[in-house]
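Here is how names work: the chains are called A, B, and so on, in the same order as the sequence lines, proteins then strands, and each is numbered from 1. Reckoned from all heavy atoms, side chains included, excluding hydrogens, waters and symmetry mates.
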Number of protein chains: 2
Amino acid sequence: MEYQEAKEKFISTWGSLGTLWGINKAMAQIQALLFISTKPLSMEDIMEQLQISRGNTSMNLRQLMDWGIVTKELIPGERKEYFTTEKDVQELARIIAKERSRREIQPVVKVLKEVSSIKDDGTEKTKELIKQTKALYDLTETADAMLNKIVNQQQNWITKSLIKLIK
Amino acid sequence: MEYQEAKEKFISTWGSLGTLWGINKAMAQIQALLFISTKPLSMEDIMEQLQISRGNTSMNLRQLMDWGIVTKELIPGERKEYFTTEKDVQELARIIAKERSRREIQPVVKVLKEVSSIKDDGTEKTKELIKQTKALYDLTETADAMLNKIVNQQQNWITKSLIKLIK
DNA sequence: ATAAGCTTTCAATAATTATTGAAAGTTTAA
DNA sequence: TTAAACTTTCAATAATTATTGAAAGCTTAT
């Protein structure tokens with residue numbers, strides 16, 4: 001497999017993965033392109049390489065910047081804006097985990113907490129609702145906490161020994 | 001908040017969460033409904049409570065059964081089929097993590113491995129592609145392994161102490 | 001102040017994905 | 001064997017989501 005083919009394969013795979021976890025294709029592909037680029041790219045570069053429109057590029061770059069994954073790079077003497085993405089995968093994972101927790105998990109946890117706190121009127125169905133949503137609440141909280149801790153305290157002794165233990 | 005309101009809130013929240021990780025709304029809502037039901041439900045029951053069509057119900061129940069989350073329950077003397085979902089959240093998490101790993105993560109890992117194995121022609125861009133996809137490959141593999149181990153070895157001593165450490 | 005060079009916005013449109021409902025299929029009881 | 005009771009399938013349609021491109025908005029140089 002040659003460079004060009006490998007590159008295209010990587011970008012398209014990463015793009016379709018994005019769709020699966022709630023990020024659109026263009027956004028994931030732009031990030032992928034920047035991720036393997038050796039230098040910052042301009043909007044023109046991105047539009048051309050991914051064959052997408054200017055508007056699409058602009059909107060998705062903005063979203064990536066909101067996530068904190070992509071940053072503007074100003075090149076002295078150049079009028080155009082250039083973009084780069086976080087290149088360290090550990091840091092990338094940390095940012096993504098944090099954002100997803102904030103945007104998706106926390107709102108659900110909030111509802112689970114509310115629902116599991118309704119007053120117990122003694123009926124079987126109410127007891128079941130409380131019991132099951134409480135169980136989901138505990139699970140979600142724990143999973144979320146673990147995820148965040150793990151990606152945050154990257155490579156400290158806990159993580160290192162954990163990885164050894166479970167690998 | 002009364003039972004009915006709490007129930008609706010739970011089902012709709014769980015439903016929209018589904019969309020976020022690649023499961024459609026109806027599928028997630030059916031699972032949610034069964035999850036808090038005290039007894040198995042028939043297709044009619046589900047259709048009525050969620051206000052969705054027969055075809056939709058049938059197709060999504062089938063998918064949930066493919067995932068191994070929902071099972072048919074035959075009630076003696078009854079012609080209709082009844083359905084229940086896995087009620088233990090730990091087991092539910094285990095099934096979902098395993099299925100998602102198989103369906104989504106593994107195919108990506110495969111591509112990352114292929115791409116990161118192209119021959120190094122010495123150019124800077126090829127070196128970068130190899131380096132970055134290799135880093136993603138390692139991260140994804142480790143994260144996937146951790147996820148699977150954690151949900152599989154539920155509540156063994158490692159998990160218990162880990163939870164204590166990071167909570 | 002004006003124009004060139006670039007970015008953002010957003011209504012229109014395209015593409016994708018979910019849902020319906022009626023016909024076809026299956027199983028059981030009589 | 002027939003019919004009633006139920007489930008599945010799938011083409012048509014609806015709903016949602018992504019994309020375009022042209023106009024409006026900035027910013028900088030002259």
Report task. Indicate yes or no for a side-chain donor-acceptor contact from A:T140 to the backbone of A:L136 under 3.5 Å, with no hydrogens or angles considered. Result ->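 Between the backbone of A:L136 and the side chain of A:T140 there is a qualifying donor-acceptor contact (under 3.5 Å).
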Report task. Produce a footprint string for nucleotides 6-13 of chain D: one letter per nucleotide, 5' end first; B if the base is under 4.0 Å from any protein heavy atom, S if only the sugar-phosphate is, - if neither. Result -> SBBBB---
Query raised in the report: Do A:S42 and A:D45 have a side chain donor and acceptor closer than 3.5 Å?
Result: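 Yes - a donor-acceptor pair under 3.5 Å links their side chains.
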Query raised in the report: How about A:T126 and A:T123: does a side-chain donor come under 3.5 Å of a side-chain acceptor?
Result: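 Yes, side-chain donor-acceptor contact under 3.5 Å.
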Given atom [atom1] of [X] and atom [atom2] of [N], what is their separation to the nearest angstrom?
| X | N | atom1 | atom2 | answer |
| --- | --- | --- | --- | --- |
| A:Q51 | D:dT19 | CD | P | 14 Å |
| A:M47 | C:dC6 | CE | P | 12 Å |
| A:L61 | C:dT8 | CG | P | 8 Å |
| B:N24 | D:dA15 | CG | P | 16 Å |
| A:E73 | C:dC6 | CD | P | 18 Å |
| A:Q29 | D:dA18 | CD | C1' | 12 Å |
| B:N60 | C:dT17 | CG | P | 15 Å |
| A:L74 | C:dT7 | CG | P | 11 Å |

**Report entry** B:K127: side chain to side chain contact (heavy atoms under 4.5 Å, CB included) partners, not counting sequence neighbours
**Finding:**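 Residues passing side chain to side chain contact (heavy atoms under 4.5 Å, CB included) with B:K127: B:D120.
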Query raised in the report: A:Q31: what forms a side-chain hydrogen bond (donor to acceptor under 3.5 Å, both in side chains) with it, not counting sequence neighbours?
Result: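 Testing A:Q31 for side-chain hydrogen bond (donor to acceptor under 3.5 Å, both in side chains), a comparison that skips the adjacent residues, returns A:W14, A:T85.
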Report task. Mind checking salt bridge (Lys or Arg N to Asp or Glu O under 4.0 Å) for B:K7 and listing every partner two or more places apart, or none if nothing turns up? Result ->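 Partners of B:K7 by the salt bridge (Lys or Arg N to Asp or Glu O under 4.0 Å) criterion come out as none, since no residue qualifies.
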**Report entry** A:M47 side chain near A:S53 side chain, heavy-atom distance below 4.5 Å
**Finding:**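 No, every pair of side-chain atoms sits at 4.5 Å or beyond.
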Query raised in the report: Any side-chain heavy-atom pair from A:I36 and A:F10 closer than 4.5 angstrom?
Result: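 The answer is yes, as the side chains (C-beta and beyond) meet within the 4.5 Å cut-off.
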For residues 59-73 of chain A, dump all side-chain donor-acceptor pairs below 3.5 Å to protein atoms at least two apart in sequence or in another chain.
| from | atom 1 | to | atom 2 | distance (Å) |
| --- | --- | --- | --- | --- |
| A:N60 | ND2 | A:N24 | OD1 | 3.4 |
| A:K72 | NZ | A:E81 | OE2 | 3.1 |
| A:E73 | OE1 | A:T84 | OG1 | 3.2 |

Requested in this report: Mind grabbing the angle between the end helix axes of the helix from C:dA1-D:dT30 to C:dA30-D:dT1? Five pairs an end, 10° rounding.
Outcome: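 Helix axis angle between the two ends: 10°.
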